[in-house]
Enquirer: 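Below is one structure. I have some questions about it.
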Amino acid sequence: MSKDTPRVTAETTDTTETDLPGVTGGAAARAAPVLREEFEERLAAETSEGPQEMLDRNLTNADELAIEEGALLRLPEGLVLDPGDVDVEFGDDETMIINMGPQHPSTHGVLRIMMELEGETVLRSKPVIGYLHTGMEKTGEELTYVQGATNVTRMDYLSPLHNELVYSLAVEELLGVEVPPRATWIRMLMCELNRMSSHIMWTATNGMDLASTSMMIYGFREREMIIAFFEKVTGLRMNHNYIRPGGVAADLPDGWEDDVQALLDTIPGRIDEYDELLTGQPIFRERTEGVGIIGPELALAMSATGPILRAAGVPWDLRRSMPYMYYDELEFDVIVGTVGDTFDRYAVRLNEIRESCKLVAQILERLPKGDYRTQDKKVTPPPRARIDESMEALIHHFKIFTRGFEVPAGEVYTAVESPRGELGCYLVSDGSNKPHRLHVRGPSFVNLQSLPAMLRGGLIADAVAIISSVDPVMGEVDR
Amino acid sequence: MTDVSSIETLPELAEVPSAQVRGKLVLHPSRQQYVAACQGLKDHSFVMCASLCGVDYLGHPGRDLPDGVEPQRFEVVVSLLCMEPPLRVALRLQVPESDPSVPTLVPLYPGTEAMEREVYDMFGLSFEGHPDLTRILMPEDWEGHPLRKDYSAGRVPVQFKEAPGPR
């Protein structure tokens, strides 16, 4: 238990106490210190996360200290980081442990980061997570395979389609079901659009974190266009439950080509506007360049994936390295950075929106005609029109949505490249209609570990930019 | 050049039972072989530990394991990545209920720190040598490990209609 939670509450009760005497008189003022002490104790006991929090230096063992200081690599080639080598002199009584979050506008949800500060310099930090934990993996064991997609889609709420995709791919691999080509192309179209909307949303919130509020308004404007298209296709703006085991829920609506073409005509121009607004702007560059550097060795060691790893210069994109669906037939570039700082992560994401535009244009040309879901009667309900005329079709429909279908026993790990990195799904089936175990490897959860290494030695104002550049989605971190 | 056949000839993996599942290599090291096997793979350019998760097999006894692997209640599943060429290898480690402890991978792959904490939190497997083995998702004073199969999921009764009045 750190001493800081009481310190913060002491300040708040102080202010109430100064208001008190005028109203309640001397007796209450004399009783106040005792009450305050009790209140502090109770508050500390109720809100403390115990050793999950960052503790004082003398209570922390050397290995944990090294993690919190971001000094993780113990490589033989002289890459060892010395925990004491932040360029600040500090005495034991001069540092202060403070909380950033869980309620903080720049932490993108309920992320809590504890930092030890010397003046404004971050000496060490530790993310404390779990405030949004709702047991979704346990819930996944209670839902049938048909219902499962509604559960996983709520994890990473900024790229729900990728969650549905990785789950559906896992189920299909165990089932041994072939997905028709049109369904796969529709999936790719929707996922690339989703990547665009997620990255645009990130650019918007990142702009807001760095006090460029107009960027936020512009970003939300463009995202709204994509979300409107999703609503037209899936019926929902978020949490679509559109990609399901066996295919997709519905075919693309009439006139979808025009809608996608309108997006392709608008968004690249808008990305150029973002470029003009942010990339050349001296304040933005000043706040992002050379801030929160993470090198390729450290990023690999910390299992960081997605834009963080690519910004560090490692050309690792699952769409290219381990192609799934039809990505090996399409032309696109894997964007890499050179330095691995916050600016590189911004540039990687911005250019990935352009690459996704290229991909969507190619998908638009190549999307074939055919079925939008598999014709395997075991996993696909009969068409709506059949239900009106056939009792058997109605029973069949009813059975699939109440009992679901059985999946052969086995284990499978599938991974796709979500906007945040490797999104994996480990599925264990015992041959029944519900998964025995559903594990989702959330890229945000793993990427958060590299925060201490990025924050170390930086200023607390830079922390805002760095946390934003990791792009954590707390729904996926805590699941 | 690394490929699947050259992995199987690694000296560290000579004794480790392995299987091909749908074209992917799955290794089944014992707890004694586990760290050495990972070390061997890491030296063999498996630079990243992509995923580490636990599984509780209570109530699912019949599973496909190669000869010489004794099924236990818990499993720790590790996915290691090689980038040049792109390869993925899975390790499945059997952990008995009577001694739920596993050697840690943090010194080898620091990125497993949070994942091992999650497995500890959710399954109660202790990772020997982990620098900071505390709960990560659940509150510190939580009792039990929620993803174990004998930990029942809580339910809140849902009322769909207005409650009947006193009359």
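What's counted below: heavy atoms across the whole structure, side chains too, no hydrogens, waters or symmetry copies. We name chains A, B, ... by the order of the sequence lines, and we start the count at 1 in each one.
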Enquirer: If I measure from the heavy atoms of chain B, does Glu422(A) come under 4.5 Å with its side chain, its backbone, both, or neither?
Expert: side chain

Enquirer: Do Lys126(A) and Asp132(B) meet the salt-bridge criterion of a basic N to acidic O distance under 4.0 Å?
Expert: yes

Enquirer: With the threshold set at 4.0 Å, does a side-chain nitrogen-carboxylate oxygen contact exist between Asp317(A) and Arg319(A)?
Expert: yes

Enquirer: Looking at Leu318(A), Val412(A), Leu448(A), which makes the most heavy-atom pairs under 4.5 Å with chain B?
Expert: Val412(A)

Enquirer: Tell me, for Asp141(B) versus chain A, whether the close heavy atoms (under 4.5 Å) come from the side chain, the backbone, both or neither.
Expert: neither

Enquirer: Could you look at Arg117(B) and say if it's the side chain, the backbone, both or neither that has a heavy atom under 4.5 Å from chain A?
Expert: side chain

Enquirer: With chain B as the partner, which of Val314(A), Val128(A), Val428(A) has the greatest number of non-hydrogen pairs under 4.5 Å?
Expert: Val428(A)

Enquirer: So which part of His439(A) gets closer than 4.5 Å to some heavy atom of chain B, the side chain, the backbone, both or neither?
Expert: side chain

Enquirer: Heavy-atom cut-off 4.5 Å, strictly under: side chain, backbone, both or neither for Ser429(A) against chain B?
Expert: backbone

Enquirer: Is it true that Arg22(B) and Glu411(A) have a side-chain N and a carboxylate O under 4.0 angstrom from each other?
Expert: no

Enquirer: Classify the ring geometry between Phe123(B) and Phe74(B) as parallel (under 30°), tilted (30 to 60°) or perpendicular (over 60°).
Expert: perpendicular

Enquirer: I want to check something: taking the side chain as every heavy atom from C-beta on, are Val407(A) and Asn433(A) in contact at a cut-off of under 4.5 Å?
Expert: no

Enquirer: Tell me, for Glu141(A) versus chain B, whether the close heavy atoms (under 4.5 Å) come from the side chain, the backbone, both or neither.
Expert: side chain

Enquirer: Apply salt bridge (Lys or Arg N to Asp or Glu O under 4.0 Å) to Glu128(B) and Arg31(B), showing your working.
Expert: CA-CA 11 Å; Glu128(B) 305 299 325; Arg31(B) 280 190 288 175; over 6 Å; no

Enquirer: Heavy-atom distances under 4.5 Å only: say whether Val77(B) touches chain A with side chain, backbone, both or neither.
Expert: side chain

Enquirer: Quick one: sort the Tyr324(A) and Tyr327(A) rings into parallel, tilted or perpendicular, breaks at 30° and 60°.
Expert: perpendicular

Enquirer: Does CD in Gln39(B) sit with more than 12 non-hydrogen atoms of other residues, nucleotides or ligands closer than 6.0 Å?
Expert: yes

Enquirer: Looking only at heavy atoms and a cut-off of under 4.5 Å, which of Arg135(B), Met115(B), Arg88(B), Met122(B) has the most pairs with chain A?
Expert: Arg88(B)

Enquirer: What residue in Arg63(B), Glu113(B), His130(B) has the most heavy-atom pairs under 4.5 Å with chain A?
Expert: Glu113(B)

Enquirer: Could you tell me whether the side chain of Tyr167(A) and the main chain of Tyr145(A) form a donor-acceptor pair under 3.5 Å?
Expert: yes

Enquirer: Is it the backbone or the side chain of Leu309(A) that comes under 4.5 Å from a heavy atom of chain B, or both, or neither?
Expert: side chain

Enquirer: Chain A: which of Cys53(B), Gly59(B), Pro139(B), Pro146(B) shares the most heavy-atom pairs with it under 4.5 Å?
Expert: Cys53(B)

Enquirer: Where on Leu81(B) is there a heavy atom nearer than 4.5 Å to chain A: the side chain, the backbone, both, or neither?
Expert: side chain

Enquirer: Does a side-chain heavy-atom distance below 4.5 Å link Leu91(B) with Pro29(B)?
Expert: yes

Enquirer: Output the option from Lys138(A), Arg441(A), Gln52(A) having the highest count of non-hydrogen pairs under 4.5 Å with chain B.
Expert: Gln52(A)

Enquirer: So which of Tyr131(A), Tyr413(A), Trp316(A) has the largest heavy-atom pair count under 4.5 angstrom toward chain B?
Expert: Trp316(A)

Enquirer: Given heavy-atom pairs under 4.5 angstrom as the criterion, report whether the side chain, backbone, both or neither of Leu133(B) touches chain A.
Expert: neither

Enquirer: For the residue pair Lys149(B) and Asp56(B), what are the closest heavy atoms and their distance?
Expert: N-OD2, 2.7 Å

